[in-house]
Every structure is written in structure tokens, then in C-alpha cells.
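Counting from 1, the numbers follow the sequence of the chain as shown.
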Amino acid sequence: MAKKPKRWTRREFLRDAALTAGAVGAASLLPPALPGAAGRAQAEEAKLGAQLIGKLEGPELVLDPAKWPKKFAEAPMLADLVKQGKLPPVDKRVPDEPMVVKPLQSIGRYGGTWRRGFTGPGDGENGNRIVSTDKILFWDYTGTKIMPCVAREWKQSDDGKSVTISLRKGQKWSDGTPFTANDFVFWHDEVYLNKDLMPTPHPDFMAGSRSGSLRKIDDTTVIFEFQDPNFLFVDILAGSTAIGGGQATQSMDKRSMGAYMPAHYVKQFLPKFSSKDEVDRKAKAAGFDGWVSYIKNRWDWRLNPDLPVLTPWKTVNPINTPTWVLERNPYYMGVDTQGNQLPYIDRISMTLAENLEVLNLRAIAGQYDLQERHTGLAKLPVFLENRAKGGYDVRLDPALNGSDATLQTNQAYDADPEVAKWLHTRDFRRALAMGIDRDQLNETFWVGVGTAGSIAPSETLPYSPGPEWRKKWSTLDVKQANALLDKIGLDKKDGEGYRLRTDGKGRLRLELQTSAGAFVPHTQIAEMIKEQWKKIGVQADVKEMERSLFFTRIASNEHQIALWANDGSEVLYLFPRHALPLDPVEALLGTPIARWYASNGAQGKAPKDAQMVKALDLFRSAAGKKTQERYKVAQEIWKILVDEQWSIGTVGLSPATMGVRIVSNKLGNIPARQTNAQHARTPCSSHPATFFYKA
């Protein structure tokens with residue numbers, strides 16, 4: 001069992017702060033002032049809190065064309081290329097209708113290399129989240145308002161059946177080729193409708209049970225159309241979704257490439273534009289088994305430096321090397337209010353860390369300039385102690401999801417019929433949930449700043465089913481857990497007190513699959529749960545694996561229980577794969593069910609549980625409803641999810657996932673607090689292209 005650390009003296013303050021979603025200073029969260037020494041200590045904690053959890057803030061877009069700059073400037077490294085005749089002048093590279101960003105604090109200065117750490121080829125989100133201002137629409141720094149991005153503007157029809165997207169005139173890919181509506185048409189006709197590449201329609205591009213379509217109006221206008229109302233689609237275009245995620249986000253798992261693609265480059269890898277023999281020949285010459293695997297490698301911006309992109313930085317040294325390097329895109333669409341082309345920082349250099357301990361030690365030593373990914377909440381006291389020596393500050397960004405370490409039970413598992421039977425049994429899952437001591441987990445792995453309970457999102461959100469659902473089936477009750485297990489037929493035990501299988505094949509054993517790259521130590525958490533479950537007679541075997549293999553096994557339906565966060569699912573309709581089996585690529589509760597759902601029953605496997613069918617039907621109905629009605633549907637879905645315990649929550653509502661920020665004192669335009677959410681692509685809603693190194 002993991003050793004319980006010394007209680008962090010600011011625990012009560014930080015717990016309260018982590019529970020609060022409002023954009024308020026942390027000092028205002030403290031109880032009334034106390035007299036004397038207690039009051040002075042409280043004041044000191046308030047001072048510390050103001051440093052760790054500040055006011056929510058961020059840059060803003062200038063939407064009035066009359067206020068856009070008329071002249072443009074560029075980074076010295078690009079100006080040199082212009083002088084050498086290797087690049088056209090900056091006013092020929094910036095769109096006629098640029099994205100104009102008002103920086104948070106000041107106009108920045110050009111130059112510098114942003115030092116970060118990453119954990120290997122499976123850590124694509126480390127870069128995706130920084131560069132994903134290549135999305136069609138985007139969420140502002142509060143995570144509550146949709147803003148234009150690649151799209152200059154958008155319009156949804158009154159009946160919810162279409163969304164018209166107007167692109168920025170004059171925008172170009174990173175190689176200088178014009179970016180037009182043809183790149184959307186190419187994606188739709190040649191990729192999305194290509195059964196070799198997309199065998200199953202994606203739920204993000206469906207209304208009811210029917211897929212949407214796309215057509216070109218002119219070179220800068222496309223329209224997404226549906227046969228049924230789809231009021232949700234604008235949110236989907238702005239979210240971390242298969243259609244709205246952008247080129248950078250989608251390449252991490254090759255879902256659908258985010259509704260557009262550089263047609264002029266990708267055509268060479270498709271059989272239609274030469275022949276199957278020719279593209280297979282090229283694929284095998286490059287070491288791939290065929291053209292499908294080859295094209296998925298070539299359209300991955302992390303692996304292919306030749307791929308044209310729209311992002312502020314582009315890969316120059318790929319992610320499958322010890323140093324993943326990104327360099328500024330000379331054709332990036334963004335400028336500041338004085339006309340300086342963004343980004344300010346020249347390049348991003350991510351150094352491979354052998355493991356998370358090494359990464360955190362480097363952060364403690366001040367070797368990273370800005371790192372919010374993989375920095376451990378358990379290291380908070382050490383981070384604070386070394387701030388002055390390392391030349392950095394520490395900021396906490398609490399998230400709104402209910403559980404940072406969630407036991408996702410595979411509702412399509414069938415490799416072992418005995419295990420499958422129990423995973424599909426509600427009272428078995430409830431017993432597992434009540435056999436977990438979440439307070440012990442919180443104190444040990446969250447330094448006491450998390451909130452124990454179910455997977456339900458923060459009560460501050462309109463999606464929340466209500467505060468009573470925080471504890472339902474989600475508090476330690478060994479007596480009731482044992483009674484449930486006895487009642488369902490697992491009443492026989494071996495000499496060590498473990499429950500026996502009902503098929504006569506010995507002890508019942510569950511496999512807890514964990515990833516080595518999780519933000520909180522899922523493997524150690526699983527080991528503690530394993531010890532706790534001894535009191536209810538359940539044997540658990542913990543199996544840690546590399547992140548890519550972790551998700552490969554999920555896609556192959558090989559896992560029994562996978563430990564992962566449910567971050568992003570608090571805005572249920574924008575990141576559902578952590579809550580419901582909807583994503584055919586990454587459904588933690590069962591990819592065969594997700595394929596069944598996406599194909600309307602033509603593929604995959606139907607869920608055995610009627611409540612799962614009900615939850616999926618509710619989800620499908622939501623797209624045709626307006627906002628307030630969708631909130632009510634989401635609340636009903638959350639009630640089902642918590643009651644059924646397909647996903648067993650532990651501790652959440654904390655900064656543990658992407659919320660412990662180590663910030664060099666040399667950097668400017670860094671928000672005191674930023675939205676910490678999947679749909680906002682943290683830290684991208686803070687527009688990292690405006691970060692800069694001070695003189």
C-alpha cells in the first residue's frame with residue numbers, strides 16, 4: 001500500500017478553491033477572518049491562494065474589421081527569408097481577413113525557444129493542445145463563448161438543419177498554397193466517404209440516425225447540411241470532436257481529420273488519383289503494409305514535417321524522436337492588434353522524458369519554460385519550495401470533471417464469459433464502487449485538494465444532475481458491498497478470503513489496465529484500490545502499459561476495466577467518449593457498442609443493458625434540441641451513468657489533469673488562471689501564439 005504523505009498544511013484552502021468554477025480570486029473563497037495568529041495565518045494562505053488560483057483571464061479576438069491593422073510586421077527569422085527571396089512579403093502571406101488577437105497584457109517581442117517535456121510518440125496531445133487554433137470554430141478563454149477561428153464567421157439556419165461557414169479570404173497553408181472550400185470538399189468526398197478510410201460514419205457528423213453532408217457554395221463558403229435538426233452542430237464544430245477538432249487534434253488518432261484536408265498534398269497517397277498498385281508500391285517502399293496505413297501516417301502533422309498545416313507552429317522534427325521540435329508557420333493567419341504576425345515565439349522544443357518522475361524533476365529544476373502537462377499535483381509542495389531556485393511560478397487551474405481516475409468497465413467485453421457476466425451486472429459494479437476508500441486516495445494522490453465521489457460533473461454546471469449524485473454509490477461501505485456480492489451469487493471464497501468464480505475455475509480475478517502516461521498516477525491508484533478491494537474479497541491484477549498500447553487494446557475490445565480520467569465529459573456532448581461508448585476509435589466502455597451506435601446497428605455489437613440503450617437514445621435525441629432542452633437531457637443521462645456505475649468515479653474536481661502549471665518568470669502574456677477543459681483545448685484558449693519572452 002502506498003505510504004500516506006504528511007498532510008499538506010494548506011489542504012482546506014486548496015480543496016475549496018479547486019471546487020470553485022467562477023472567475024474569482026482565491027482569497028474570496030476563505031471563511032471569515034479570524035483574530036490574532038489564526039487570522040495572520042489565514043491571511044498568509046489567502047496570499048498564497050492568490051498566487052496559485054488567480055482570476056480567470058485571457059486574450060480576446062478583435063471582430064470588427066474596421067479595427068484590424070492595415071500594415072503587418074514579422075519575426076526577424078522570416079524577414080531574413082524574405083530578403084533571401086525564399087518567402088513572399090508578410091502582407092502577401094497574412095490573409096486579407098486575418099484573425100486579430102488582442103494579447104492579454106501587452107504586445108510581445110519575437111524570438112526564443114519554448115522548452116517543454118513530453119513522454120514519447122503517444123503524447124501527441126502535448127503539442128496538439130498548443131497549436132489547435134486550426135479549428136473551424138473555437139471557445140474563448142472562459143470556455144463559454146464560441147468564437148471564429150479558421151472560419152471568419154458562421155450562420156446556423158433557423159430550423160437547425162444547416163450551418164454555413166465563411167472562410168478567411170486569402171488564407172494559405174504553411175507551404176503557401178491557398179486554403180479554400182475545395183479542401184473541405186476533398187475531405188468529405190475523398191476521405192470521409194471513403195470506406196477504406198472511414199468504414200463507419202462518425203456520430204459527430206450525424207443528426208438522429210442519418211449522416212450529414214457538405215457542399216461548396218464558392219471558394220470561401222461551405223455548408224454543412226442535415227436531414228434532421230442539429231442545433232448541437234455549432235458546438236461540435238468548436239469542440240474537441242472528430243469534426244471540429246481541427247487538423248492538429250484529429251491526427252492523434254486519425255478519426256476523420258477535422259472536416260478539411262490539404263488536397264494538393266494528400267491526393268498523391270490516394271488510389272483514385274493514380275492507381276492502387278502505385279500507392280501500395282509507394283507505401284511498401286516507405287515501410288508500410290499498404291496505402292491506408294501510409295496515408296494515415298502522412299496526414300499526421302506530428303510525424304510528417306512535409307504536411308501542410310494551418311497551425312501557428314509546424315513540426316520540423318517529428319514526435320517519434322527524442323526531441324519533438326515545432327517551428328513557426330510563416331503563413332499563420334493570426335496577427336496582434338499592431339499587425340505583428342503571430343506567433344511571437346520562434347520554436348517549441350519538447351525533450352523526451354524517460355518517465356513522469358524525470359519530467360517532474362526537470363520541471364522542479366526549472367528546465368521547462370511552461371509545462372502544464374504531466375506536472376503532478378502530488379509534487380505541489382516540492383514545486384512551491386523550489387520556485388525561487390528554478391525561476392518559475394506555480395498556478396493551479398481547477399477542472400470541472402468528476403473523476404481524474406475512473407474505472408471504465410468494458411460493457412462489450414466477452415473474452416472471459418465469467419468476467420463479462422459480472423462486468424455486465426449492475427450490483428457487481430456498485431459493490432466495486434462502494435469498496436473504494438476515496439478519502440484515502442484523495443489524501444495520498446491528490447494531496448487532499450480533490451473531491452471524492454462519482455463521475456458527475458461540477459454542480460456549478462448546467463449539465464449537473466444535482467449534488468445528491470456526487471455520493472450515490474460512491475462512498476466507502478464495505479458492509480453493503482459484501483452484502484451485494486453475496487446476494488448476486490459470489491458468496492463462496494477461497495482460503496485467503498477471495499471470491500470464487502461461479503464456473504468452478506478458481507478465484508475471480510479482474511484486470512485493471514492503466515497507462516504509464518496518465519496525469520495522476522493511475523497505476524499506483526489502481527494498486528491501492530486493489531488493496532482496498534481485499535476487504536470485499538475481490539482480486540484485482542494491475543497491468544500498466546504504454547499509452548498507445550493502452551488505447552490499442554481498448555480499440556480491440558481487449559480490456560476489462562481501464563483506468564482513465566473522465567475529463568471533457570462534463571460538457572457531455574462535446575467529449576462523450578469518456579462517458580458513453582460513442583467513438584468507434586476510443587470508446588472506453590466498449591468500442592463494439594460504439595460501432596453499433598455509429599452504424600445504426602449495421603456493425604459492432606448492441607449493448608446488453610437496456611439502460612445503456614436508453615442513455616444512447618437520449619444522447620442521439622439531443623442534437624435536435626435547443627440549449628436548455630439539451631441541458632435537461634444531459635442531466636438525465638448523468639443520472640443513468642451514476643446509477644449504473646459503468647464508469648466508477650474516485651476523486652475529481654481538481655487541478656490534477658492539466659491544471660498544475662509551471663511558468664517561467666521570463667514569459668509574458670501568461671494568464672493567472674486559464675480554463676481547464678477538453679473542449680477549450682487547454683491551454684489553447686489562452687492563445688499560446690501570444691506568449692513571449694520578456695527582454
Side-chain angles (χ1 to χ4, degrees), residues 59 62 65 67-103 105-116 127 130-131 133-134 150 152 167-180 183 247-248 262 264-265 301-302 304-318 321 323-350 369-370 666-669 687-695:
V62 178
K67 297 180 180 179
W68 290 353
K70 303 299 186 290
K71 294 183 180 180
F72 302 102
E74 63 193 326
M77 65 183 289
L78 299 183
D80 289 342
L81 293 174
V82 172
K83 289 178 182 178
Q84 297 169 30
K86 295 180 180 179
L87 273 181
V90 63
D91 59 356
K92 303 296 183 184
R93 303 195 313 268
V94 173
D96 302 331
E97 300 171 321
M99 180 172 69
V100 181
V101 186
K102 180 183 178 182
Q105 295 152 350
S106 66
I107 299 297
R109 60 190 295 272
Y110 286 119
T113 298
W114 175 355
R115 301 172 302 162
R116 285 176 68 85
I130 293 172
V131 304
T133 43
D134 65 342
V150 167
R152 175 178 54 83
L167 304 177
R168 300 179 184 277
K169 293 179 181 177
Q171 186 170 357
K172 298 177 176 65
W173 291 97
S174 57
D175 62 358
T177 302
F179 170 68
T180 71
D183 295 305
Q247 184 185 15
H264 66 286
Y265 178 80
W301 79 282
R302 308 161 310 159
N304 182 10
D306 295 331
L307 179 72
V309 296
L310 302 176
T311 52
W313 294 274
K314 69 184 300 290
T315 292
V316 294
N317 202 46
T321 62
T323 307
W324 182 14
V325 181
L326 317 178
E327 203 165 87
R328 65 169 66 252
N329 171 7
Y331 291 90
Y332 183 56
M333 64 179 175
V335 300
D336 66 21
T337 47
Q338 292 186 6
N340 299 299
Q341 187 186 29
L342 300 171
Y344 293 133
I345 294 175
D346 289 336
R347 60 185 60 83
I348 302 170
S349 179
M350 287 183 268
D369 299 313
L370 177 56
K666 299 176 182 178
L667 285 173
N669 284 338
H687 286 271
T690 63
F691 300 166
F692 72 97
Y693 287 93
K694 304 171 187 176

Criterion side chain to side chain donor-acceptor pair (under 3.5 Å) on Q341 and R328, from CA distance to verdict: CA-CA 10 Å; Q341 187 186 29; R328 65 169 66 252; 5.9 Å; no
Checklist line | side chain to side chain donor-acceptor pair (under 3.5 Å) assessment of Y693 paired with D346 | finding: CA-CA 10 Å; Y693 287 93; D346 289 336; over 6 Å; no
Side chain to side chain contact (heavy atoms under 4.5 Å, CB included) assessment of N340 paired with V335:
CA-CA 5 Å; N340 299 299; V335 300; over 6 Å; no
Mind running side chain to side chain donor-acceptor pair (under 3.5 Å) on Y344 and N669 for me, showing each step along the way? CA-CA 11 Å; Y344 293 133; N669 284 338; 5.3 Å; no
| task | Could you walk me through whether V90 and L78 pass side chain to side chain contact (heavy atoms under 4.5 Å, CB included), step by step? | result | CA-CA 8 Å; V90 63; L78 299 183; over 6 Å; no
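Judged by distance alone, with hydrogens and angles left aside, the side-chain atoms of K172 form no donor-acceptor pair with the main-chain N or O of Y332 at under 3.5 Å. Here the side chain of R302 pairs no donor or acceptor atom with the backbone of P318 at under 3.5 angstrom. No donor-acceptor pair closer than 3.5 Å links the side chain of R93 to the backbone N or O of Y331. In this structure, the side chain of S106 does not engage the main chain of G108 through any donor-acceptor pair within 3.5 Å. Put simply, the side chain of W114 never gets that close to the backbone of M350: no donor and acceptor are under 3.5 Å apart. At least one donor-acceptor pair under 3.5 Å links the side chain of D369 to the backbone N or O of R115. In this structure a side-chain-to-backbone donor-acceptor pair under 3.5 Å is present from Q247 to P308.
Nearest heavy atoms, T323 versus S349: CG2-OG, 3.4 Å. The two residues T113 and R347 make their nearest non-hydrogen contact at OG1-CG, 3.1 Å. E97 and L167 get closest at one heavy-atom pair: OE1-O, 3.7 Å. Here the closest heavy-atom approach between residue P330 and residue S174 is recorded as CG-O, 4.3 Å. Summarising the geometry of I345 relative to W313, their closest heavy-atom pair is O-NE1, 2.9 Å, with the distance given to 0.1 Å. Among all heavy-atom pairs drawn from D336 and P103, the shortest one is CB-CG, 4.2 Å.
No side-chain heavy atom of R168 sits less than 4.5 Å from a side-chain heavy atom of D96. With a 4.5 Å cut-off on side-chain heavy atoms, R152 and M99 do not count as touching. Using a 4.5 Å cut-off on side-chain heavy atoms (C-beta onward), T133 and T311 make no contact. Counting only heavy atoms from C-beta outward, the side chains of P98 and W68 approach each other to under 4.5 Å. V150 has its side chain within reach of L310: a pair of non-hydrogen atoms, C-beta onward, lies under 4.5 Å apart. Side chains of H264 and W173 form a contact here, defined as non-hydrogen atoms less than 4.5 Å apart. The side-chain heavy atoms of V325 and V316, taken from C-beta on, include a pair separated by under 4.5 Å. Side-chain contact between L342 and V101 is present, with at least one heavy-atom pair separated by less than 4.5 Å.
To the nearest 0.5 Å, the span separating NZ on K71 from CG on D91 amounts to 11.0 Å. The CE atom of M333 sits 7.5 Å away from the CG atom of D134 when rounded to the nearest 0.5 Å. The line from OG1 of T337 to NZ of K67 is 11.5 Å long, rounded to the nearest 0.5 Å. Here N329 contributes atom CG and T315 contributes atom OG1; the two are 11.5 Å apart, rounded to the nearest 0.5 Å. Atom-to-atom distance recorded for L307:CG and K314:NZ is 7.5 Å, nearest 0.5 angstrom. Note that CG of D183 is 14.5 Å distant from OH of Y265, once rounded to the nearest 0.5 Å.
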